[in-house]
Protein chains: 2
Amino acid sequence: MERELLKGNTPTMILAVLCQGPLHGYAIAREIERRSDNQLKFKEGTLYPALHALEYDGWIKGQWETTSQGRKRKVYTITQAGHAELKRRHHAWTEFANVMAQVIGGEPHGQQG
Amino acid sequence: MERELLKGNTPTMILAVLCQGPLHGYAIAREIERRSDNQLKFKEGTLYPALHALEYDGWIKGQWETTSQGRKRKVYTITQAGHAELKRRHHAWTEFANVMAQVIGGEPHGQQG
DNA sequence: TTATTATACGTCGTAATCCAATGCATAGCA
DNA sequence: TGCTATGCATTGGATTACGACGTATAATAA
């Protein structure tokens, strides 16, 4: 999958996943990979900074928990503001996808300018 | 229009426009704006470096010409390799757009991990 | 015991990209 | 003389993805 195409969409995908329920970082990455039929690979260098930024902006909230196996992990929950942000980003993506279709799929036009 | 969403798609749009016929830089920018119903604004800092990179990669070819008004401009033509590259990029974009739809538009799933 | 894999968190540096700001030059118009 | 449009270009800042690396626990295999 083309690296640059992903740019700007990582937070949107994370919010979309968390919209279905709280998950910890590692599970979020796995869930995005699952939803994309393994076409997307979510790396640590992408995931964790993105989560921290989302929490800093108040769109998600992290809570440390310990599993029965004694392993610590940080479970993230989407906030009210996060839901609004997701809606806004979802809309922006749809708009952009439409524009792209218009530009790269556009019909022929008069040659020179 | 969201700035980050554009990332990586600029060369694709330029190739798509040139696919319809040769144009000089300034006209390419105006054409992309026209096709996007002015939702996209193409700035010089984005346009010219992108054109130079495309020419360096051999996907477009620039040719200086002088108009009847005596104004010089560089007219770009898409190459054979450029057509192939456009096809590849067009495909990559479609794939990515589908993946995005799957991830952010996905149906509900079992909560916790 | 030792090695490997999976889980789970994180940081840092590099590369890629968009764009605001700035610059140069020509042309038409008020 | 100023303003706007055309037409080219560079530079530096900001944002982003990710490879590489580091830490730690647990299960599985040799």
Side-chain angles (χ1 to χ4, degrees), chain A residues 1-14 22-34 36 39-57 60 62-76 89 92 96 99-100 112-113, chain B residues 1-14 22-34 36 39-57 60 62-76 89 92 96 99-100 112-113:
Chain A
M1 190 69 27
E2 304 300 321
R3 181 174 177 161
E4 290 300 326
L5 297 183
L6 190 61
K7 288 214 170 163
N9 294 306
T10 297
T12 309
M13 293 198 236
I14 292 174
L23 280 180
H24 61 278
Y26 192 81
I28 292 170
R30 296 296 85 76
E31 172 62 13
I32 290 175
E33 290 176 8
R34 190 192 67 78
S36 72
Q39 287 181 88
L40 292 180
K41 297 289 175 193
F42 249 69
K43 313 303 167 58
E44 297 92 331
T46 305
L47 175 70
Y48 294 110
L51 285 172
H52 299 161
L54 286 170
E55 186 169 21
Y56 178 82
D57 289 333
I60 64 176
Q63 184 79 36
W64 282 101
E65 71 166 32
T66 309
T67 65
S68 51
Q69 288 83 26
R71 200 183 276 128
K72 278 182 185 172
R73 52 195 198 183
K74 203 169 183 181
V75 175
Y76 290 96
R89 282 171 170 272
F96 179 72
V99 165
M100 268 296 282
Q112 232 67 7
Chain B
M1 188 72 25
E2 303 300 321
R3 178 175 180 163
E4 291 300 326
L5 296 183
L6 190 61
K7 289 213 171 164
N9 294 307
T10 297
T12 308
M13 293 198 237
I14 292 174
L23 280 180
H24 60 279
Y26 192 82
I28 292 170
R30 295 296 85 77
E31 172 63 13
I32 289 176
E33 290 176 7
R34 188 192 68 79
S36 71
Q39 288 182 86
L40 292 180
K41 296 291 174 193
F42 249 68
K43 311 305 167 57
E44 297 92 330
T46 303
L47 176 69
Y48 293 110
L51 286 171
H52 299 160
L54 286 170
E55 185 168 24
Y56 178 83
D57 289 332
I60 64 177
Q63 185 78 36
W64 282 102
E65 72 165 32
T66 308
T67 64
S68 52
Q69 287 83 26
R71 200 184 277 131
K72 279 183 186 172
R73 52 195 199 184
K74 203 169 182 181
V75 175
Y76 290 96
R89 282 172 169 272
F96 179 71
V99 166
M100 267 297 281
Q112 232 69 4

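Keep in mind the model is a prediction, meaning the values are calculated, not measured. Throughout, protein chains are lettered first and strands after them, A, B, ... in sequence-line order, and every chain is numbered starting at 1.
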Quiz item: In the 5'-to-3' direction, what one-character label does each nucleotide of nucleotides 25-30 of chain C receive under the scheme B = base within less than 4.0 Å of a protein heavy atom, S = sugar-phosphate only, - = no such atom?
Solution: -BS---

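- Look at CG on Leu47(B): it is 10 Å from C1' on dC8(D), rounded to the nearest Å.
- Atom CD in Glu55(A) sits roughly 12 Å away from atom P in dC9(C) (whole-Å rounding).
- Taking each heavy atom of Ala29(B) and Phe42(B) in turn, the nearest pair found is CB-CB, 3.7 Å.
- Residues forming a side-chain hydrogen bond (donor to acceptor under 3.5 Å, both in side chains) with Thr12(A) (at least two apart in sequence, or on another chain): Arg89(A).
- Contact annotation: Tyr48(B) does not reach the phosphate of dA9(D) (side-chain N/O to OP1 or OP2, under 4.0 Å).
- Partners of Phe96(B) according to the ring-ring contact (aromatic ring centres under 6.0 Å, His included) rule, which considers only residues two or more places apart in sequence or in another chain, are Trp93(A).
- Atoms CD (Glu33(B)) and C1' (dA5(D)) sit 13 Å apart, rounded to a whole Å.
- Under the rule for a salt bridge (charged side-chain N to carboxylate O under 4.0 Å, His left out), the partners of Lys74(B) that lie at least two apart in sequence or sit in another chain are Glu55(B).
- Rounded to whole angstrom, the span from the CD atom of Glu31(B) across to the C1' atom of dT6(D) amounts to 17 Å.
- Partners of Gln39(B) by side chain to side chain contact (heavy atoms under 4.5 Å, CB included), not counting sequence neighbours, listed by chain and number: Glu95(A), Val99(A), Met1(B), Ser36(B), Asp37(B).
- Between the CZ atom of Arg73(A) and the C1' atom of dT25(D) there is a distance of 13 Å, rounded to whole Å.
- Of all heavy-atom pairs between Leu51(B) and Gly25(B), the closest is CD1-CA, 3.7 Å.
- Nearest heavy atoms, Leu54(B) versus Pro11(B): CD2-CB, 3.9 Å.
- When the C1' atom of dG10(C) is taken as reference, atom NZ of Lys72(A) falls 14 Å away, rounded to whole Å.
- Atom pair Glu65(B):CD and dG7(D):C1' shows a separation of 12 Å (rounding to whole Å applied).
- Minimum atom distance to the side chain of His24(B) is reached by dG7(D), of the listed dG7(D), dG10(C), dA8(C).
- OP1 or OP2 of dT10(D) has at least one side-chain nitrogen or oxygen of His52(B) nearer than 4.0 Å.
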Show the distances under 3.5 angstrom between N or O atoms of the protein and N or O atoms of nucleotides 17-19 of chain D.
unit_1	atom_1	unit_2	atom_2	d
dA17(D)	OP1	Leu6(A)	O	3.4
dA17(D)	OP1	Gly8(A)	N	3.2
dA17(D)	OP1	Thr10(A)	OG1	2.6
dA17(D)	N3	Arg3(A)	NH2	2.8
dC18(D)	OP2	Thr46(A)	OG1	2.9
dC18(D)	O4'	Arg3(A)	NH2	2.8
dC18(D)	N4	Gly45(A)	O	3.1
dG19(D)	OP2	Lys43(A)	NZ	3.1

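- A straight line from NZ of Lys74(A) to C1' of dA8(C) spans 13 Å, rounded to a whole angstrom.
- Shown here are the side-chain hydrogen bond (donor to acceptor under 3.5 Å, both in side chains) partners of Tyr26(B), two or more places apart in sequence or in another chain: Arg30(B).
- When the shell of 6.0 Å around NZ of Lys41(A) is examined, it contains more than 12 heavy atoms from other residues, nucleotides or ligands.
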